[in-house]
Amino acid sequence: MTTPVILFTVLILCMAIGIPIAWSLSLSCIAALATMGGMPIALLTQRVFNGANNFSFLAVPAFVLAGEVMCQGGISKQLVDMAKIALGRIRGSLAMVSIVASTIFAALSGAATATTAAIGGLMYPEMKESGYPEDFSAAVQAIGGTLGPVIPPSLMMIFYAVSTGESVTKLLMSGILPGILTCLMLCFLAYIIAKKQDMPVSDKSFDLKAFVGTLKNSFFALLMPIIILVTIYTGICTATEAASIAAVYGIIVALFIYKSINLKQLWNIFKKAAVQTVVTSIMVTTAQLFGWIITYYNIPTMLANAIRSVSNSSLVFLFLTLIILMIAGMFMEALSVVIIVAPILHPVALAYGIDPIFFGFFVVFVMCIGIATPPFGPCLFVTCSISQRPFVGVAKQIIPFIFAEVLVAVIVIFCPGIVTLIPNLM
């Protein structure tokens, strides 16, 4: 049995029996190295160390900390109130409020399940009380969470960049326009469904004074993503430096301006962020070794040649990638898939002449769809827990929203400039 076969066989078997992805990657790499003639096992620790010794990776704990502070800092209610007043008396407005609030909160936390939990915990009871169908209301909260890893800051984007050696800054900025497009598409679909099913409409007209008041209350929270994006885009800071600024800024806002957390809660936030960072760090560093082994055996080139023997069209490759990742996302955790496929598919995309920043965004975006796709979408599980609704009912209601996000993926395939416009301006 050849080394590449052992590598993938051990990986699949370990994941099949429930071993966490980080240790599955480690065990498969150890098994592969053991069969590589004359290759010392000490290489394992060397490659893992090299994977961790990356300046860009320092952005991970900072963004995790900033996201945790903003998630637990009482920001979500203010964002919901602001979006609610802004959308006024539109049919299905509460569904759109939830999506818009999730989009804004995604730019604060960068995490899918955190967005669903924070916004869903507020919006689901209100939608239910206002007479919206319960399964539909729960589905809206789940689909809103998928915007988390798309809009910067995005940990998934950082992991992809670290795994492939691409620019963290450009990859982060690639998600801005597609994220806004996805938000608009989901809002439009929510309006169509609400109008078709004659869902409730608010009888309150737009109140400028109330909107200005909520905008003032939300000002310091909304300033955080602006600080991140402006400092990165203008070149004042790298993504890592911007992450550090965001973490410090978030702590100051939560402690001294909103006074929504105390020092004891802050210490618990530090501990939670540390645990999350360690878990993800193990995954990324072992993925570096995994990527080195498949590159050593020229697997990406062989895969590229196999696909090109079927078609030389980059469009065919992108649609094949879309289908494969959609299926993977239905059964596997999104970050795990990104870490595994990044070193395999990235060189193949380059062989097809596809822009590496575009392809990085494309992989992450498609996997974000899987975060809310049955049967194992984490955001679905979170929203079912919040709403106490049956999984099957919520899953049925989320299907149209999944198709809307797939449509966005198809649009960016034919219009890649939507993704690359801002990164190319930097």
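Looking at heavy atoms from C-beta onward, T383 lies out of side-chain contact with Y124 at the 4.5 angstrom threshold. Side-chain contact between I402 and I143 is present, with at least one heavy-atom pair separated by less than 4.5 Å. Here the side chains of Q141 and I386 are not in contact, with every heavy-atom distance at 4.5 Å or above. Residues V412 and F358 are in side-chain contact: their nearest non-hydrogen atoms beyond the backbone lie under 4.5 Å apart. Two residues are said to be in side-chain contact when any heavy atoms from C-beta on lie closer than 4.5 Å; V140 and Y132 fail this criterion. Counting heavy atoms from C-beta outward, L13 and T9 have side chains that approach closer than 4.5 Å. Side-chain contact check for S174 versus M157: some heavy-atom pair is nearer than 4.5 Å. Put simply, the side chain of D355 does not reach to within 4.5 Å of the side chain of F361, judged on heavy atoms.
Using a 30° and 60° split on the angle between ring planes, F136 and F401 fall in the tilted class, from 30° to 60°. Classification of the H346-F359 ring pair by plane angle, with boundaries at 30° and 60°, yields tilted.
Summarising the geometry of G370 relative to P378, their closest heavy-atom pair is O-CD, 4.4 Å, with the distance given to 0.1 Å. Of all the heavy atoms in G145 and P149, the pair that sits closest is O-CD, 3.9 Å. When all heavy atoms of A142 and T116 are compared, the pair lying nearest together is O-OG1, 3.9 Å. In terms of heavy atoms, S154 sits closest to L172 at N-CD2, 3.5 Å. Smallest separation of non-hydrogen atoms from A138 and V394: CB-CG2, 3.8 Å. Residue V10 comes nearest to S28 through the heavy atom pair CG1-CA, 3.6 Å, listed as atom of the first residue, atom of the second, then distance.
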Indicate every side-chain donor-acceptor pair of residues 418-426 with a distance under 3.5 Å to a residue at least two apart or in another chain.
from	atom 1	to	atom 2	distance (Å)
T420	OG1	P416	O	3.2
N424	ND2	T420	O	3.2

Side-chain donor-acceptor distances from residues 184-196 under 3.5 Å, at least two apart:
none

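A distance-only check finds no donor-acceptor pair linking the side chain of Q397 to the backbone of G393 [under 3.5 Å]. Without hydrogens or angle criteria, S385 side chain to F381 main chain gives no donor-acceptor distance under 3.5 Å.
Atoms NZ and CG, on K128 and D135 in that order, are 11.0 Å from each other to the nearest 0.5 Å. Put simply, CE on M173 and OG on S167 are 10.5 Å apart, with the number rounded to the nearest 0.5 Å. The line from OG of S102 to CD1 of I99 is 7.5 Å long, rounded to the nearest 0.5 Å. Atom SG of C183 sits about 10.5 Å away from atom CE of M96, to the nearest 0.5 Å. One finds the CD1 atom of I327 at 9.5 Å from the CG atom of L322 (value rounded to the nearest 0.5 Å). Taking OG of S313 as the reference point, atom CG of L320 lies at 9.5 Å (rounded to 0.5 Å).
With sequence neighbours left out, E405 forms a side chain to side chain donor-acceptor pair (under 3.5 Å) with T146.
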Worked check of side-chain contact (heavy atoms from CB on, under 4.5 Å) between F362 and I354: CA-CA 11 Å; F362 184 74; I354 298 171; over 6 Å; no
